[in-house]
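What follows is one structure encoded as structure tokens, with my remarks underneath.
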Amino acid sequence: ASDLLYRQRLQSALSASSESISEKVARSELDGAPFAQGTMATQLDVFADWWILDDMVQKMKALLMEKSGESNIVVLEHHGLSSRFRLPQLADQARLAQIFESLQGEQARDINNFSVAQSSLEQVFNDFARRAV
């Protein structure tokens with residue numbers, strides 16, 4: 001079908017591209033992404049939507065890295081317009097205020113809603129289970 005995007009075609013078309021493209025293709029195979037769980041083809045519009053949303057998530061990750069002064073920000077998940085990040089314990093607690101100010105500034109553009117919370121017991125358990133596999 002002409003409206004399907006095949007992973008093999010995508011990989012061969014982008015094989016000569018920059019590292020950031022290959023990283024993006026690798027992210028397209030993670031849980032919740034278009035080529036997750038061995039999926040070999042996906043609707044082109046689904047992939048295009050994911051590509052745009054992934055760009056937004058990566059920009060948010062870069063903003064969080066910049067404002068926190070930390071490089072080990074982890075994208076826990078992103079599905080549709082929702083994403084969750086793990087930030088490390090901040091050495092400089094004043095950075096938290098900078099992060100909130102930045103998020104409020106971004107709220108006028110791309111962010112509709114944000115919150116900060118400690119990891120739940122379920123999230124900690126799921127993280128341990130994921131690492132054990």
Side-chain angles (χ1 to χ4, degrees):
S2 62
D3 59 344
L4 288 179
L5 176 67
Y6 291 89
R7 182 171 49 166
Q8 184 177 15
R9 281 189 190 166
L10 176 66
Q11 287 173 332
S12 62
L14 299 175
S15 63
S17 298
S18 69
E19 183 178 349
S20 63
I21 296 293
S22 62
E23 289 173 0
K24 191 173 204 74
V25 170
R27 285 194 305 273
S28 75
E29 297 175 1
L30 298 175
D31 284 342
F35 293 114
Q37 301 174 350
T39 300
M40 299 307 291
T42 188
Q43 296 289 324
L44 187 55
D45 59 339
V46 169
F47 186 78
D49 286 347
W50 174 84
W51 187 279
I52 292 166
L53 292 171
D54 185 68
D55 279 349
M56 293 171 68
V57 168
Q58 295 308 311
K59 286 177 186 174
M60 179 57 63
K61 181 179 176 182
L63 176 75
L64 292 171
M65 287 171 54
E66 175 190 340
K67 298 303 178 182
S68 71
E70 300 286 340
S71 61
N72 55 343
I73 306 294
V74 177
V75 179
L76 296 174
E77 64 181 328
H78 80 88
H79 301 282
L81 296 175
S82 178
S83 58
R84 289 188 325 117
F85 298 87
R86 177 183 299 138
L87 282 70
Q89 181 72 31
L90 298 174
D92 180 4
Q93 295 299 316
R95 295 256 186 189
L96 188 58
Q98 293 173 343
I99 292 171
F100 270 104
E101 288 172 4
S102 297
L103 291 173
Q104 286 175 330
E106 290 293 312
Q107 197 168 11
R109 293 185 353 193
D110 296 331
I111 299 175
N112 292 333
N113 188 335
F114 67 89
S115 65
V116 175
Q118 290 183 321
S119 297
S120 69
L121 187 56
E122 179 183 5
Q123 291 167 336
V124 171
F125 176 77
N126 288 340
D127 187 48
F128 281 129
R130 192 173 14 256
R131 290 180 191 191
V133 173

Between side-chain atoms of residues 36-45 and protein atoms elsewhere (two or more places apart, or another chain), which donor-acceptor pairs fall under 3.5 Å?
unit_1, atom_1, unit_2, atom_2, d
Thr39, OG1, Ala36, O, 2.7

Donor-acceptor list for residues 64-74 side chains, cut-off 3.5 Å, not counting sequence neighbours:
unit_1, atom_1, unit_2, atom_2, d
Ser68, OG, Leu64, O, 2.7
Ser68, OG, Glu70, N, 3.1

Donor-acceptor pairs are to be reported for all side-chain atoms of residues 79-87 against protein atoms at under 3.5 Å, with residues two or more places apart or in another chain.
unit_1, atom_1, unit_2, atom_2, d
His79, NE2, Glu77, OE1, 3.4
Arg84, NE, Glu77, OE2, 2.4
Arg84, NH2, Glu77, OE2, 3.4

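Using a 4.5 Å cut-off between side-chain heavy atoms of Ile, Leu, Val, Met, Phe, Trp and Tyr, with links allowed through other members, Met60 and Leu76 fall into different hydrophobic clusters.
Taking Ile, Leu, Val, Met, Phe, Trp and Tyr as members and joining any whose side-chain heavy atoms lie under 4.5 Å apart, directly or through other members, the hydrophobic cluster of Phe128 also contains Val124.
In this structure, the separation between CD on Glu101 and CG on Leu96 is 10.5 Å, given to the nearest 0.5 Å.
Proximity of Ser28 to Phe47: side-chain heavy atoms (C-beta onward) are separated by under 4.5 Å at one or more points.
Listed by chain and residue number, Arg27 satisfy the side-chain contact (heavy atoms from CB on, under 4.5 Å) test with Leu30 (two or more places apart in sequence, or in another chain). With sequence neighbours left out, Asp49 forms a salt bridge (charged side-chain N to carboxylate O under 4.0 Å, His left out) with no residue at all.
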(request) Would you please test Lys59 and Met56 for side chain to side chain contact (heavy atoms under 4.5 Å, CB included) and show each step? (result) CA-CA 5 Å; Lys59 286 177 186 174; Met56 293 171 68; 5.7 Å; no
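Ring geometry for Trp50 versus His78: interplanar angle under 30°, hence parallel rather than tilted (30 to 60°).
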